[in-house]
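Here's a structure for you.
Lettering of chains follows the sequences in order, A, B, ..., and the numbering in each one begins at 1.
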Amino acid sequence: MMLFYFQRLIEIFPFFLKGLWMTAVVSGISLIMATIFGLLLGIARASKNKLLVGLIGAYVAAIRGTPFVVQIFIIFFILPEWGIQLDAFPAAILALTILGTAFICEIVAGGIKAVPRGQWEAASSSGLNLYQQLRYVIVPQSLQTILPPLVGQYVLLIKDSSVVSVIGVMDLTRVGWVTVNRIPEGLMVFTLVGILYFAISYPLIRLSNRLEKKMATQQVML
Amino acid sequence: MIKFNGVNKWFGKLHVLKDIDLHVTSGEVVVVCGPSGSGKSTLIRCINRLEKFQKGELFVDGTPLHDYSTNLTKLRAEIGFVFQQFHLYPHMTALQNVALAPINVRKMKRADAEALAHEKLDRVGLADKADAHPTQLSGGQQQRVAIARGLAMSPKIMLFDEPTSALDPEMIGEVLDVMVKLASEGMTMCVVTHEMGFARQVAHRVIFMDEGSLVETGNPHDFFANPQTDRAAQFISKILTH
């Protein structure tokens, strides 16, 4: 029987690859957007503007303090009450972007605050405007603090993307559910799902570790 | 060029600058000295508004610094600032450090800015270090790159905040030499320093500060030979016997 199910599983393997692709697309788009917004909000959060810092802080606290599955239900089920209809796919991307942005903006703000004040003073003293100070002096130096946890955050985001299956996005996790209805070997099916997640997460984990080591040696040089 | 009128500054309750009146003319070299905590660094940091002050007026090259709507970016491009801790950009080479502001503020072409940067590095005696990163340079060399970085903007004023205090003794000379040369070329300079040899050699005026007040001001010869106040006399005897 086991063998029969295993053969069935291999037959429908392309279905899993489709799920994997959906997971990659949903998390890929979200993490690109979250990186852009996280960078912008992170810079604002490291600024001296108390109102901005407070507002972003409240947003980060709200996202960190609630389960992601609740956030996605709010976006998918409650927004329509206010007349905002979203399909599962854009709702998933919106929810993941909001989640990722909150975490990434904290990472970015931490990295920017780690750059010594003298660097800001030197850059502003030479007549660079705020954008130029950030672009040429501050952000490049903060990258060594930002990159390792940022890549780590991407891994978390990819894994969190499995939650979007609850609103019907046909991602890898949902493919697992659907398959279990036809092949009642939960262990076998979800082991395969797990392996496929691992296949995209693991290279990123390796990358994060490598960055961490590389940055650590650079730090010693500075 | 620089005009303080009754400038006062507080850090919280601490009164760090008390009724400062000071007028520095174009081409003048002014040395500011005094015990630590006397407010001398704060004083010159006000000149490009790295520090804000609460009361009084300060004009730099005609620009009112007490008016917070002033466009600082434009003014700062005209003032070079050299820090005690150098603050070179660690992720850039010496050349890139010097060329960054000319490219982005003066909108020079990269090739022109790099030629200019080579020229300035040559002027501080570091022509051969253009491609070195700050970590590969000694303290004295880093500080000279920092001076070249300031000079690359062709500033009207150069400010030095204890430029040799973080250096090993054997490197102080090479930095002072550059500064002496600069002074002899007619640069307007305000220098916070304990290097009294430098003050004697090039300063037009020495200013002595204590506890936030401008206690005494005079030409270097008179100041060292006949200090007018006890506090200045004490200070001089301390650093000279030191």
Looking at every non-hydrogen atom in both residues, tell me the closest pair between A:Ser124 and B:Arg76 and how far apart they are.
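Heavy atoms of A:Ser124 and B:Arg76 come nearest at O-CD, 3.2 Å.
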Which portion of B:Arg106 sits near chain A, non-hydrogen atoms under 4.5 angstrom
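When you check distances to chain A, no heavy atom of B:Arg106 falls under 4.5 Å.
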How about A:Glu81: does its CD atom have over 12 heavy atoms from other parts shown lying under 6.0 Å from it?
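Open: at most 12 neighbouring heavy atoms sit under 6.0 Å from CD of A:Glu81.
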Where along residues 41-58 of chain B does a heavy atom come under 4.5 Å of chain A, listed by residue number?
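Only B:Arg45, B:Asn48, B:Leu50 of residues 41-58 of chain B have a heavy atom under 4.5 Å from chain A.
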Heavy-atom proximity to chain A below 4.5 Å, by part of B:Leu72
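Contact with chain A: none, neither part.
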Does B:Phe11 have more than 12 heavy atoms from other residues, nucleotides or ligands lying within 6.0 Å of its CZ?
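Yes - once you tally the heavy atoms of other residues, nucleotides and ligands closer than 6.0 Å, there are more than 12.
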A:Arg135 versus chain B, the contacting section by heavy-atom distance below 4.5 Å
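Nothing of A:Arg135, per the 4.5 Å heavy-atom cut-off to chain B.
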Heavy-atom distances under 4.5 Å only: say whether A:Glu121 touches chain B with side chain, backbone, both or neither.
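Both backbone and side chain of A:Glu121 come within 4.5 Å of chain B.
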NE2/B:His91 to CD1/A:Ile138 distance, rounded to the nearest 0.5 angstrom?
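The NE2 atom of B:His91 sits 8.5 Å away from the CD1 atom of A:Ile138.
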Using 0.5 Å steps for rounding, measure from the CG atom of B:Asn104 to the CD atom of A:Gln133.
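Reported value, rounded in 0.5 Å steps: 11.0 Å.
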Would you mind checking which part of B:Tyr89 comes under 4.5 Å of any heavy atom in chain A, side chain (CB onward), backbone (N, CA, C, O), both or neither?
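It is both, since atoms from each part get that close.
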Count the heavy atoms belonging to other residues, nucleotides or ligands that lie under 6.0 Å from CG of B:Asn5, then report whether that count exceeds 12.
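It does: B:Asn5 CG has more than 12 such atoms within range.
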Neighbour count >12 (heavy atoms, 6.0 Å) for atom NZ, A:Lys50
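Incorrect, the count does not exceed 12.
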Residue pair B:Leu100, A:Val137: steps toward the side-chain contact (heavy atoms from CB on, under 4.5 Å) verdict
CA-CA 10 Å; B:Leu100 182 70; A:Val137 178; 3.8 Å; yes
Closest heavy-atom contact between B:Val105 and A:Gln132?
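Looks like CG2-OE1, 4.3 Å.
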Residue B:Trp10 excluded, over 12 heavy atoms near CH2 under 6.0 Å:
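Count over threshold, so yes.
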Step through the shown structure and confirm whether more than 12 heavy atoms of other residues, nucleotides or ligands are within 6.0 Å of OH on A:Tyr131.
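Result for OH/A:Tyr131: open.
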If you measure from NE2 on B:His87 to OG on A:Ser126, what distance do you get to the nearest 0.5 Å?
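If I round to the nearest 0.5 Å, the distance is 12.5 Å.
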